[in-house]
Amino acid sequence: MSFSAACIANGRRPSSHIISCTVMDAENWQKEFLKIQDDSRLYHIERVLAADDLPIIYEHIYIPVSRVPDLQAERLEGGSFTRMLSEEYNVQESEKGRSTVEVRMIPQSIAGYLKMSTGEPVMILTSYINDKEENPLYISYEIIAGGRYRISI
């Protein structure tokens with residue numbers, strides 16, 4: 001379930017704010033999962049997801065430029081990445097996927113975005129997302145304010 005859908009299901013108002021959207025060379029770990037060529041480029045999207053204006057997640061999304069060649073970051077401002085993929089690119093995410101969860105301390109560079117103090121605990125959720133045909137779609141790396149979000153496994 002997407003962040004937006006989870007918020008709505010719990011009576012909260014989701015929102016997102018784009019920090020940056022750049023094009024980068026893929027690193028080896030990204031190439032492995034995404035099954036892309038050595039010279040492939042990725043969009044690297046950084047954004048903050050909030051519920052009722054309270055920041056919950058600082059997210060990094062890595063998606064091949066070839067999957068969304070005309071991506072414009074402003075289309076994501078305030079909106080859902082999952083909905084944009086579905087409505088604008090006719091791509092749906094698989095219900096299956098692989099994720100890892102770990103606990104760390106929030107770095108100073110991210111703390112302000114989540115309205116937290118440096119060193120507070122956060123959950124790190126790395127998700128490897130496929131499309132409905134089980135082809136690699138994107139990688140999401142989320143830094144989650146630990147006391148503000150619950151994940152059911």
Side-chain angles (χ1 to χ4, degrees), residues 1-24 26-34 36 42-65 67-68 71 73-89 91-132 134-153:
M1 177 182 294
S2 73
F3 178 79
S4 293
C7 283
I8 292 166
N10 286 285
R12 304 287 184 222
R13 185 179 47 81
S15 62
S16 65
H17 174 65
I18 301 300
I19 304 300
S20 70
C21 180
T22 59
V23 176
M24 61 176 276
E27 297 178 15
N28 286 337
W29 66 277
Q30 296 160 330
K31 290 176 196 174
E32 279 182 37
F33 169 72
L34 295 168
I36 54 178
L42 301 177
Y43 284 111
H44 176 205
I45 303 162
E46 292 181 71
R47 64 189 190 146
V48 174
L49 307 177
D52 295 337
D53 296 321
L54 179 65
I56 307 292
I57 299 172
Y58 189 101
E59 181 179 39
H60 297 263
I61 297 171
Y62 303 96
I63 187 166
V65 170
R67 292 299 299 253
V68 289
L71 177 72
E74 59 270 9
R75 294 192 314 219
L76 287 173
E77 186 68 30
S80 165
F81 182 70
T82 303
R83 187 171 47 245
M84 182 206 67
L85 287 176
S86 177
E87 292 175 0
E88 296 186 28
Y89 297 97
V91 175
Q92 285 76 39
E93 294 179 10
S94 170
E95 294 296 321
K96 302 174 189 173
R98 179 172 56 98
S99 297
T100 61
V101 180
E102 56 189 289
V103 176
R104 292 193 186 163
M105 303 305 230
I106 192 165
Q108 182 178 4
S109 60
I110 304 295
Y113 290 106
L114 294 181
K115 297 183 180 174
M116 297 176 70
S117 298
T118 301
E120 285 188 71
V122 291
M123 291 183 289
I124 307 295
L125 177 64
T126 305
S127 300
Y128 300 87
I129 309 297
N130 292 325
D131 63 20
K132 285 283 189 187
E134 299 306 330
N135 297 309
L137 182 56
Y138 69 93
I139 301 167
S140 172
Y141 180 87
E142 300 178 344
I143 301 165
I144 305 169
R148 300 180 196 157
Y149 197 75
R150 182 179 304 170
I151 298 173
S152 297
I153 299 174

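Counting from 1, the numbers follow the sequence of the chain as shown.
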To the nearest 0.5 Å, what is the distance between CZ (Arg98) and CD1 (Ile139)? 8.5 Å
Take Ile57 and Leu125, measure what side chain to side chain contact (heavy atoms under 4.5 Å, CB included) needs, and give me the verdict at the end. CA-CA 10 Å; Ile57 299 172; Leu125 177 64; over 6 Å; no
Between Asn135 and Asp131, is there a donor-acceptor pair closer than 3.5 Å when you use the side chain of the first and the backbone of the second? no
Given side chains that start at C-beta, do those of Tyr113 and Ile143 come closer than 4.5 Å, heavy atoms only? no
Taking Arg67 for its side chain and Leu85 for its backbone only, find out whether a donor-acceptor pair lies under 3.5 Å. no
Could you tell me whether the side chain of Val23 reaches within less than 4.5 Å of the side chain of Tyr43, counting heavy atoms only? yes
The single option from Phe81, Tyr128, Tyr89 that satisfies ring pair (Phe, Tyr, Trp, His ring centres under 6.0 Å) with Tyr138 is Phe81
Residues, nucleotides or ligands: over 12 heavy atoms within 6.0 Å of Arg75 CZ: yes
Apply the test side chain to side chain contact (heavy atoms under 4.5 Å, CB included) to residues Phe33 and Leu137: give CA-CA distance (whole Å), side-chain angles for both, the deciding distance (0.1 Å), then the verdict. CA-CA 9 Å; Phe33 169 72; Leu137 182 56; over 6 Å; no
For Met116 against Ala145, the heavy-atom pair lying closest together: SD-CB, 3.7 Å
Work out which heavy atom in Gln92 is nearest to a heavy atom in Ser86; give both atom names and the distance. NE2-OG, 3.2 Å
Enter the distance from Thr126:OG1 to His60:NE2 here, rounded to the nearest 0.5 Å. 10.0 Å
Got a donor-acceptor contact below 3.5 angstrom from the Ser16 side chain to the Leu76 backbone? yes
Hey, are the side chains of Val68 and Glu88 touching, using non-hydrogen atoms and a 4.5 Å cut-off? no
Which is it for Gln30 and Ile36 under the side chain to side chain contact (heavy atoms under 4.5 Å, CB included) test, yes or no, and what are the steps along the way? CA-CA 8 Å; Gln30 296 160 330; Ile36 54 178; 5.6 Å; no
Minimum heavy-atom separation for Val122 to Met105, with atom names? CG2-C, 4.1 Å
Evaluate the ring planes of Tyr62 and His44, with Trp represented by its six-membered ring, and classify them as parallel (under 30°), tilted (30 to 60°) or perpendicular (over 60°). parallel
State whether the side chain of Glu102 and the backbone N or O of Ile124 hold a donor-acceptor pair below 3.5 Å, judged by distance alone. no
Test side chain to side chain contact (heavy atoms under 4.5 Å, CB included) on Leu54 and Arg12; report intermediate values, then the result. CA-CA 10 Å; Leu54 179 65; Arg12 304 287 184 222; over 6 Å; no
Looking at Tyr58 and Leu114, what are the two nearest heavy atoms and their distance? N-CD2, 3.8 Å
Give a yes or no answer on whether the side chain of Ser127 reaches the backbone of Ile129 with a donor-acceptor pair at less than 3.5 Å. no
Minimum heavy-atom separation for Ile45 and Ile18, please, with both atom names. CG2-CD1, 4.1 Å
Indicate the atoms forming the closest heavy-atom contact of Leu34 with Pro136, along with that distance. CA-CB, 3.7 Å
CD/Glu59 to CD1/Ile19 distance, rounded to the nearest 0.5 angstrom? 11.5 Å
Quick check for you: to the nearest 0.5 Å, what is the distance between Met123 atom CE and Ile106 atom CD1? 12.0 Å
Please check if the number of heavy atoms outside Gln108 that lie under 6.0 Å from its CD is greater than 12. no
The reported gap from CZ in Arg13 to OG in Ser4 (rounded to nearest 0.5 angstrom) is 11.5 Å
How about Glu93 and Lys132: do any of their side-chain heavy atoms sit closer than 4.5 Å? no
What is the distance from atom OG of Ser80 to atom CD1 of Ile8, rounded to the nearest 0.5 Å? 8.5 Å
